[in-house]
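Structure, as structure tokens:
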Number of protein chains: 2
Amino acid sequence: MTVQPKPRPGKRINDPEGMRKKVLDVAEDAFQARGYHASSIGDLMAAADVSGGALHHHFATKKALALAVIDERVAAAVEETWIAPVLAAASAREGVRAVFEAVAAELEQQGFVRGCPLNNLAHELSLADPDFRIALAGIFAGWRRAIADKVRADQQAGRDEGTDPERFAALTVAAYSGAMSMAKTAQDAGVLRDCLAGLERSAPSQGGSVARRRNRILPRPRTP
Amino acid sequence: MTVQPKPRPGKRINDPEGMRKKVLDVAEDAFQARGYHASSIGDLMAAADVSGGALHHHFATKKALALAVIDERVAAAVEETWIAPVLAAASAREGVRAVFEAVAAELEQQGFVRGCPLNNLAHELSLADPDFRIALAGIFAGWRRAIADKVRADQQAGRDEGTDPERFAALTVAAYSGAMSMAKTAQDAGVLRDCLAGLERSAPSQGGSVARRRNRILPRPRTP
DNA sequence: GACAAAACAGGACAACCGGTCTGTTTTACA
DNA sequence: TGTAAAACAGACCGGTTGTCCTGTTTTGTC
């Protein structure tokens, strides 16, 4: 609605940073919603209201644009939704629990599941091009490392001695990624809670009866 | 090498079932290796050595072909590598462990990781089309149900009382799916063993020291 | 204010996409 | 054997793809 209906023929303002950000915004959203191959640069040009010349001035090829999305947006998303909250939590296990619940709550509120940005692109692109694969693998590695480091920090404070940091981190990232896959396919975020409960099975001080299954087929898979 | 150099102009043999199977074989492989959108029907025609008329006689559209791959091949792959082995195992936990180890060993032997067929297509297609999503969600559901049923069978035999069947199944499928995502992206199957170890953390009678990390960047990502 | 570089506009293009169409050959069945 | 349907071959088409290219406008710098 808030489009700028200002093709005023007399004036133009160069805003390279804003232009670049606008393209990245649209590309991030489109790659997430429809995937890389299903998003044409014509679509992106129209959605961002940007000319072909402008787009190719900032991103020479579609691959370069995707690499920028991965390096600047996907990595930031993992940092924001996972790494920072876990590091800020009282413990690794507490942080993991909080993130699972926060994501589940957010998905249930917004009514549909788009999936994990990292996993979506990782599946489509990691076999397509080595550059894509390296970039995506680095994000996965940083994600796991942050969780493992947090576990080690806990252990140096005397807590959670029996946990292997690397294994805990691998299982956490895998469980979240896989749960998001299922949640996206079923359009039901409930599986996130199931996985979290399974993950916390061995933790102490865990009472309460089994919260029964929820089944919610969500109504609006995408906004036009 | 074993191509049939027999374009003998005088003869032709109709083999509709063989033709259909040949197309499905090639499509299954291509969708797995390069994805749905990155595999053109021209590629498939060339790889299967099949004319456009023949292909479209058996599969009216590319979508119909993909649905056939999902229904007949992806579902069968899940049945073969997961459901049947778990049901045949001494217990659910034992079956899960065996499948993880078998898959990890197979991947390490073949030298590269293509990822889970179900997850690969689920990520690319479940938001693209409701028919795709429903078909893929059904396979996920059957997978989880089989594992949960096995846990319940164990419990009726007096074993593994403390495990919630649904949660265990969800976590198992999620951990495997996510681990395969990471293994595919890193081209390193070692994360499967890490996740299995984390999964078995709470199980009793589990001894042995920590088998240290392995890191193997695999050489040949695809065969020409 | 001159001027080169950066920023942007938009048309052009060859390659490719999925699907259709017409025509020929094989096969099942009466 | 006759015949209609099934199975297959291959050309064809409109639309789309990513990229390139030429030209114009803005902007920083001396």
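Naming: A, B, ... by sequence-line order, numbering from 1 per chain.
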(message) From CE of B/Met19 over to P of C/dT25, roughly how many Å is that when rounded to an integer?
(response) 16 Å
(request) For the pair A/Trp82 and A/Trp143, name the ring-plane relationship: parallel under 30°, tilted 30 to 60°, perpendicular over 60°. (result) tilted
(message) Whether B/Arg97 and B/Glu101 form a salt bridge (side-chain N of Lys/Arg under 4.0 Å from carboxylate O of Asp/Glu) is what I want to check.
(response) yes
(request) Look at the side chain of A/Arg12 against the base of D/dT25 and say whether a donor-acceptor pair falls under 3.5 Å; ignore hydrogens and angles. (result) yes
Using residues 50-57 of chain A as the side-chain source, report each donor-acceptor pair under 3.5 Å to any protein atom, sequence neighbours left out, with the distance given to one decimal.
from, atom 1, to, atom 2, distance (Å)
A/Ser51, OG, A/Ala54, N, 3.2
A/His56, ND1, A/Gly52, O, 3.2

(request) Enumerate the residues from residues 35-46 of chain A whose closest heavy atom to DNA chain D is under 4.0 Å, giving them by residue number; use none for an empty result. (result) A/Ser39, A/Ser40, A/Ile41
(request) Return the residues of residues 53-74 of chain B meeting this criterion: a heavy atom under 4.0 Å from some atom of DNA chain D. Order them by number, or give none. (result) B/Gly53, B/Ala54, B/His57, B/His58
(message) Nearest to the B/Ile13 side chain among C/dA9, C/dT27, C/dT25, which nucleotide is it?
(response) C/dT27
(request) Go through the structure and list residues passing salt bridge (charged side-chain N to carboxylate O under 4.0 Å, His left out) with A/Asp43, not counting sequence neighbours. (result) none
(message) Do the side chains of B/Glu72 and B/Arg20 get close enough for a salt bridge, i.e. N-O under 4.0 angstrom?
(response) yes
(message) Once salt bridge (charged side-chain N to carboxylate O under 4.0 Å, His left out) is applied, do any residues pair with B/Asp149, and if so which ones, sequence neighbours excluded?
(response) B/Arg152
(message) Counting only side-chain heavy atoms from C-beta out, which of D/dT27, C/dT26, D/dG10 sits nearest to A/Asn14?
(response) D/dT27
(message) Can you confirm whether the side chains of A/Lys184 and A/Asn119 place a donor and an acceptor under 3.5 Å from each other?
(response) no
(message) Checking B/Arg34 now: which residues fulfil salt bridge (charged side-chain N to carboxylate O under 4.0 Å, His left out) with it, not counting sequence neighbours?
(response) none
